[in-house]
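Below is one structure, written out as structure tokens, with a few remarks after it.
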Amino acid sequence: MIDITRFRELILELQTKVNQESEEKINGCFLAVKEEHMVKKLKDKPGVLLCANYPDAEYDIENSDNRKEDNQVIFFICEKVSPGSETDEEELLHYAKLQRIMEALKRVLRQNEFCDRFSSGDKMRTEWEYSIFGGFNGLSLGLTITNYD
């Protein structure tokens with residue numbers, strides 16, 4: 001299982017690297033166990049946020065010679081928006097801004113190994129999100145991070 005304090009450091013590193021690469025910036029990072037936990041942490045935080053779940057881990061007992069563990073992670077790029085406050089055009093442009101940040105995040109993830117013991121998996125799944133965490137819109141990115149003992 002990924003050491004959770006190291007995972008938090010990785011999220012902060014991702015924020016820094018994405019902010020160096022993208023015109024639009026991530027204003028903060030949050031890590032939570034469940035959606036309800038994230039709702040309490042975010043409340044009305046302003047700006048674009050990078051959020052992630054505490055990773056769930058899977059270890060293959062059948063293949064114990066291969067000392068690796070797959071950790072399921074979901075990253076969110078989101079920003080608080082009051083429902084109905086944007087016109088269709090404003091909403092489209094807002095999602096487009098968040099999409100550019102998500103694309104930068106995916107490029108950073110593809111370019112970098114996390115360190116000697118971590119690597120991102122072969123597949124990433126990106127989904128649009130509406131009114132998550134108590135009113136945030138954005139995108140989510142699901143992937144597997146493998147850590148090796």
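When every heavy atom of N27 is checked against every heavy atom of Q15, the shortest pair comes out as C-NE2, 3.8 Å.
When the side-chain contact (heavy atoms from CB on, under 4.5 Å) test is applied to S85, the partners found at least two apart in sequence or on another chain are V81, S82.
Two residues are said to be in side-chain contact when any heavy atoms from C-beta on lie closer than 4.5 Å; I4 and L31 meet this criterion. The shortest distance between side-chain heavy atoms of E35 and H37 does not fall below 4.5 Å. Between C78 and C51 there is a side-chain heavy-atom pair separated by less than 4.5 Å. With a 4.5 Å cut-off on side-chain heavy atoms, M102 and T126 count as touching.
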Under the criterion side-chain contact (heavy atoms from CB on, under 4.5 Å), I'd like the reasoning laid out for E90 against L93: C-alpha separation, chi angles, the key distance, then a yes or no.
CA-CA 5 Å; E90 289 169 335; L93 293 174; 5.8 Å; no
Does the pair E21 and V108 meet the rule for a side-chain contact (heavy atoms from CB on, under 4.5 Å), with working shown?
CA-CA 9 Å; E21 185 171 316; V108 168; 3.8 Å; yes
Apply side-chain contact (heavy atoms from CB on, under 4.5 Å) to T146 and N71, showing your working.
CA-CA 6 Å; T146 302; N71 299 267; 6.0 Å; no
Run the side-chain contact (heavy atoms from CB on, under 4.5 Å) check on F136 and F76 step by step: do they pass?
CA-CA 10 Å; F136 287 77; F76 298 88; over 6 Å; no
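For residues 41-51, the side-chain hydrogen bond (donor to acceptor under 3.5 Å, both in side chains) pairs, not counting sequence neighbours, are D44-K80.
Side chain of N137 to main chain of Y130: no donor-acceptor pair is present (N/O by atom type, distance under 3.5 Å, no hydrogens or angles).
Defined by atom type and a distance below 3.5 Å, a donor-acceptor pair is present between the side-chain atoms of S140 and E129.
At a threshold of 4.0 Å, the pair R6-E9 counts as salt-bridged, since one of the basic side-chain nitrogens sits closer than that to a carboxylate oxygen. Here K97 pairs with E79 in a salt bridge; the nearest charged N to carboxylate O distance falls below 4.0 Å.
The one candidate from V73, D70, L10 that meets the side-chain contact (heavy atoms from CB on, under 4.5 Å) condition with I145 is V73. With L14 as reference, L109 is the one residue of N19, L109, I26 to meet the side-chain contact (heavy atoms from CB on, under 4.5 Å) rule.
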